Every structure is written in structure tokens, then in C-alpha cells.
Amino acid sequence: DHLRMEPELRWLFFEVTNICNLFCAHCGSNCTAAGNRLSVDDVQKTLRTIPENLKPMICLTGGEPLTHPEFFEIAGCVSGMGFHWGMTSNGTLIDRLTARKLRETGMGTVSISLDGMEKTHDKLRRKKGAWKKTIEGIRYLQDAGFSPQITTVVQADNIDELEELYLFLCDLGIT
């Protein structure tokens with residue numbers, strides 16, 4: 001009841017683009033290979049409307065946010081305005097250089113989508129090799145000093161391998 005009367009802005013999600021390099025069966029973002037995106041100015045104008053005494057956590061998401069050609073400019077804008085920020089990604093576009101750039105830009109948290117073991121994940125992502133690229137991305141993030149969060153959309157295709165996925169992620173050093 002208190003929050004209905006006095007809402008607090010704690011999290012602010014920017015879907016910076018609906019462009020994605022994958023075509024996930026369960027995606028709710030209406031992603032395409034050629035879609036729309038926010039500009040750096042769009043993000044900056046929105047952040048300027050937030051009162052100085054509020055500093056919500058900013059999450060950059062998509063689609064796949066790293067497909068945005070100005071992603072690092074947007075991240076720099078968010079960080080430069082004093083906001084803590086994180087990203088939700090499919091992890092497939094994260095290489096060693098990208099992970100380092102994310103660290104330099106001040107990213108605090110990162111959530112990587114992993115929806116099962118290799119065969120199931122690739123089936124749900126509709127792209128052979130997606131699982132391997134995602135695992136590489138996770139490792140590059142860890143090498144850059146991040147502790148990635150892993151998100152899984154639980155569904156009929158993967159529910160029977162959640163224990164195996166959990167044990168695999170433990171072996172990978174995911175806490």
C-alpha cells in the first residue's frame with residue numbers, strides 16, 4: 001500500500017534495441033534482425049528527468065543490446081551520469097575485448113541467458129553453436145572480473161535438465 005501511494009523508482013530498464021542476432025522460440029521482445037533502437041539522446045533525456053536524490057539501477061537490454069551500434073556510448077552516458085548499470089545479454093557477442101570494454105565503461109552487473117544444456121539451448125535459440133558462444137562469453141566476463149548472473153526460462157524443453165545445468169554452472173564458477 002505504501003508503494004502505491006509513494007512509488008519508488010528502483011530499477012529502470014531500457015530496451016535499447018529490438019534487434020537480435022538470435023531468434024529464440026520463447027522471446028517476448030518481438031526481436032528481429034532489422035528493428036528499432038533508442039538513441040544516446042533518448043537515454044540521456046530520460047535519465048535527466050530522474051530527480052537527483054534518486055539513482056535507480058539501470059538495465060540495458062534488448063533484443064541483444066550489443067547489436068546496438070552505439071551501445072558503448074549509451075553505457076558511457078549512463079555511467080557518466082552517475083548511475084549504476086547492468087546488462088541482460090545472450091552472451092554470444094561477448095569476446096575478450098568486449099568484456100574488457102564493459103569493465104572500462106563501468107558495468108556493475110550482467111545477466112546472461114542460458115536455457116539449458118547445449119542441445120536444448122541451441123534448439124530454443126534456433127541457432128547451432130549458440131550455447132558454445134554463450135559459454136565463451138561467460139568465461140570472458142569472468143576473466144574481466146565479473147560474476148555473471150545466469151537466467152533460465154524454465155519450460156517443458158529444459159525442465160528435466162535443470163539439475164545438470166546447475167551442476168555445470170557450479171563447475172563454471174557461477175555462484
Side-chain angles (χ1 to χ4, degrees), residues 7-115 121 124-127 130-131 133-153 169 174-175:
E8 297 174 31
L9 181 61
R10 295 181 185 168
W11 291 83
L12 181 58
F13 286 74
F14 284 95
E15 187 173 272
V16 295
T17 182
N18 68 346
I19 297 170
C20 191
N21 60 320
L22 299 178
F23 306 97
C24 305
H26 56 283
C27 183
S29 292
N30 194 25
C31 296
T32 64
N36 300 312
R37 57 183 169 247
L38 296 176
S39 70
V40 177
D41 193 49
D42 292 330
V43 174
Q44 193 171 50
K45 282 179 183 177
T46 302
L47 293 176
R48 283 188 184 135
T49 67
I50 298 171
E52 279 295 316
N53 63 326
L54 293 179
K55 287 292 182 188
M57 176 69 177
I58 306 300
C59 184
L60 303 180
T61 187
E64 171 51 50
L66 291 172
T67 64
H68 194 302
E70 296 177 313
F71 175 81
F72 285 100
E73 288 84 355
I74 290 172
C77 167
V78 171
S79 187
M81 293 179 75
F83 291 92
H84 295 288
W85 71 278
M87 171 179 75
T88 300
S89 170
N90 64 39
T92 61
L93 301 178
I94 299 172
D95 56 18
R96 191 174 312 282
L97 177 61
T98 302
R100 273 192 249 135
K101 284 175 72 174
L102 290 166
R103 172 59 70 202
E104 292 167 4
T105 312
M107 183 173 73
T109 64
V110 58
S111 179
I112 301 293
S113 301
L114 188 67
D115 292 315
H121 181 81
L124 293 171
R125 299 294 167 170
R126 298 180 180 158
K127 180 141 182 158
W131 189 85
K133 293 296 289 179
T134 299
I135 299 306
E136 279 181 6
I138 290 168
R139 288 184 172 134
Y140 287 131
L141 288 166
Q142 290 172 315
D143 291 346
F146 292 106
S147 295
Q149 301 168 6
I150 306 300
T151 56
T152 302
V153 176
L169 292 172
I174 302 298
T175 58

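All values derive from a computational prediction rather than experimental measurement. Quick note: numbers below take in every heavy atom, side chains included, and nothing from hydrogens, waters or symmetry partners.
Within the structure, every pair that satisfies the salt bridge (charged side-chain N to carboxylate O under 4.0 Å, His left out) test and touches residues 40-55, not counting sequence neighbours, is listed here: D41-K45.
Looking at W131 and L124, their side chains never come closer than 4.5 Å, going by heavy atoms from C-beta outward. For the pair P56/R10, no side-chain contact is recorded, criterion being any heavy-atom separation below 4.5 Å from C-beta on. Taking the side chain as every heavy atom from C-beta outward, I58 and V43 never approach each other to under 4.5 Å. Here the side chains of H121 and L114 are in contact, with some heavy-atom distance below 4.5 Å. When side chains are defined from C-beta on, I74 does not count as touching F14, because their heavy atoms never get closer than 4.5 Å. The shortest side-chain heavy-atom distance between E136 and K133 falls under the 4.5 Å cut-off. For the pair L12 and W85, the minimum side-chain heavy-atom distance is 4.5 Å or more. Contact check for F71 versus L60: side-chain heavy atoms found under the 4.5 Å cut-off.
Taking both residues in full, the closest heavy atoms of H68 and V16 are given as CD2-O, 3.2 Å, listed atom of the first, atom of the second, then distance. Pairing each heavy atom of I112 with each of G91, the nearest pair is CD1-CA, 3.9 Å. Considering all non-hydrogen atoms of both residues, G63 and C20 come closest at CA-CB, 4.2 Å. Nearest approach of K101 to T105, heavy atoms of both residues: O-OG1, 2.6 Å.
No donor-acceptor distance shorter than 3.5 angstrom exists from the side chain of S79 to the backbone of G76, with no hydrogens or angles considered. Within the 3.5 Å criterion, the main-chain N or O of A144 finds a donor-acceptor partner in the side chain of R103.
Donor-acceptor pairing under 3.5 Å is lacking for the side chains of T17 and E64.
When the side chain to side chain donor-acceptor pair (under 3.5 Å) test is applied to T92, the partners found at least two apart in sequence or on another chain are N21, N90.
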